[in-house]
Amino acid sequence: MDFIEKACVMTSADMNRVLARMASQIVENNPDLSNVLLVGIRRRGVPLAEKIAAKIKEMDSVDVATGALDITLYRDDLSTVAERPVINKTELPANITGKTIILVDDVLYTGRTIRAALDELIDFGRPRRVQLAVLVDRGWRELPIQADYIGKYVTTTEREIIKVMLPEYDETEQVLLVEQV
Amino acid sequence: MPLKRKDLLGIADLSPEEINLILDTAEAFRDINERQIKKVPTLRGKTVINLFFEASTRTRTSFEIAAKRLSADAINISASTSSVVKGETLIDTALNLQAMAPDAIVIRHSSSGAPHQIARVVNAAVINAGDGAHEHPTQALLDGLTIRQSKGRIAGLKVAIIGDLLHSRVARSNAHLLAKLGAHVALAGPRTLLPLGLEKLIAPSEGSVTFAGNINEAITDADVVMVLRIQLERQTGGFFPSLREYSIHYGLNRRRLEMAKPDAIVLHPGPLNRGIEIDSDVADGPFSLILDQVNNGLAVRMAVLYLLAGGE
């Protein structure tokens with residue numbers, strides 16, 4: 001697949017500022033940080049959750065626990081995709097009942113990933129509340145799901161793709177708006 | 001690298017990449033078996049039929065639990081309670097099951113090649129759960145997973161497979177799998193129970209499969225000792241004088257195990273004939289991973305069902 005780059009949505013410096021803002025909003029909304037668990041959705045939500053946890057640590061010197069969720073087994077399109085997606089591990093603490101879970105993902109689009117994540121979380125326990133933090137909200141929701149913390153809204157067409165690039169998986173750190181050609 | 005095939009009939013036709021994909025997937029599924037709610041919705045609405053023409057506790061239960069933990073509906077058919085006793089042929093049984101639109105058929109049969117015949121006439125994914133003395137692919141995969149977890153690798157290890165090799169589909173599937181992944185397999189057992197020429201069926205690969213001169217030679221410096229069950233139900237008699245003699249000359253006891261590497265692990269596909277092919281103090285000892293094998297079996301079967309029965 002070839003892509004043409006249409007715009008740079010965020011530079012590395014932008015991402016840093018945005019994540020710091022999201023971290024401070026999380027701290028403001030959740031006075032009891034010891035009960036908060038930042039859960040990244042694989043793959044790119046995981047390093048983002050860790051970055052937010054690091055920002056909170058810088059601000060408040062509090063260690064917020066992090067986890068990782070692989071939602072593949074809960075996808076609603078598994079029987080229609082041609083190839084079985086690779087399964088990665090879900091890593092959550094033993095008990096999430098009573099916790100405030102903040103789901104972290106890179107892009108909020110149809111909302112189907114978040115639906116799957118919510119179903120998986122419920123199989124692990126009964127959290128006190130679940131909030132959602134995304135780096136980019138690009139619209140086009142297919143389910144009634146909204147984020148609590150949003151790095152940036154980007155207006156997109158359906159053909160466009162938001163490409164979040166992180167040093168953990170890509171060579172650079174930036175967010176691009178691309179289109180498949 | 002996806003698993004681009006309809007069925008899992010044997011290890012012989014799998015590539016090392018496909019084997020590793022199944023093992024890696026199984027690794028992720030192991031966690032589900034440790035959760036409080038041991039169920040994911042992945043195969044909701046799918047049907048898995050377990051068609052067993054031979055006795056089995058471990059494998060049949062394992063496939064059934066694997067299907068259920070993936071939310072598939074599992075149905076068990078054993079030959080003694082099926083229309084086979086009324087004289088229905090294997091193909092007719094398969095076609096009738098196919099008419100009920102299952103997504104996967106897991107079959108165990110005493111004739112080598114029975115799953116292959118069924119695979120040709122049904123649309124469902126066919127998974128070989130043991131056919132005659134031919135293959136038992138999910139057993140080899142769970143053994144591979146157990147070895148990989150314990151040793152961190154498979155390539156370069158020496159694996160002794162000892163006992164009733166002639167009747168063993170477990171040995172054949174393991175020989176293929178271990179050689180493909182780069183292990184060196186040493187086979188040994190009573191001369192009357194050696195399938196000579198087996199090594200010629202193994203595709204050229206990183207590893208190797210050879211017959212050791214005797215059982216002690218196979219075990220010496222082994223990283224893994226895999227003991228096979230004496231399959232009395234398949235033996236027509238006369239392969240060895242007595243079980244007592246078998247135990248003395250070919251059974252795995254503590255003294256023999258000392259010839260292996262100090263950190264060697266012991267595997268056995270079950271069911272155990274205690275005091276015959278394996279002594280209880282070895283089977284229950286610290287180096288025995290026999291129950292880990294059973295645990296891994298579940299993860300491997302979940303992985304295989306996910307990879308084969310997950311599609312439309």
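Proteins get letters first, then strands, A, B, ... in listed order; numbering begins at 1 in each. Since this is a predicted model, take the numbers as computed values, not measurements. We use all heavy atoms of the structure for the numbers below, so side chains are in, but hydrogens, waters and symmetry mates are not.
- Checked by atom type, the side-chain pair A/Thr90/A/Asp70 shows no donor-acceptor distance below 3.5 Å.
- For the atom pair B/Gln149 CD and B/Leu289 CG, the distance stands at 9.0 Å (nearest 0.5 Å).
- Interface summary for chain B: among A/Asp123, A/Asp119, A/Asn88, A/Leu73, the most heavy-atom pairs under 4.5 angstrom belong to A/Leu73.
- Between B/His134 and B/His109, the distance from one ring center to the other does not fall under 6.0 angstrom.
- Between the B/Lys180 side chain and the B/Ser205 main chain, no donor and acceptor come within less than 3.5 Å of each other.
- Put simply, of B/Leu70, B/Leu43, B/Val40, the one with the most heavy-atom pairs under 4.5 Å next to chain A is B/Val40.
- Distance CG/B/Asn295 to CD1/B/Ile290: 14.0 Å, rounded to 0.5 Å.
- When heavy atoms are compared at a cutoff of 4.5 Å, A/Glu91 does not approach chain B at all.
- Identified by a heavy-atom distance below 4.5 Å to chain A, the contributing residues of residues 24-32 of chain B are B/Thr25, B/Glu27, B/Ala28, B/Phe29, B/Asp31, B/Ile32, in residue-number order.
- Annotation: cation-pi geometry not satisfied between B/Arg108 and B/Phe52 (NZ/CZ under 6.0 angstrom from ring centroid, within 45° of ring axis).
- Using a 3.5 Å distance cut-off with no hydrogens or angles, the side chains of A/Arg141 and A/Thr110 do not pair a donor with an acceptor.
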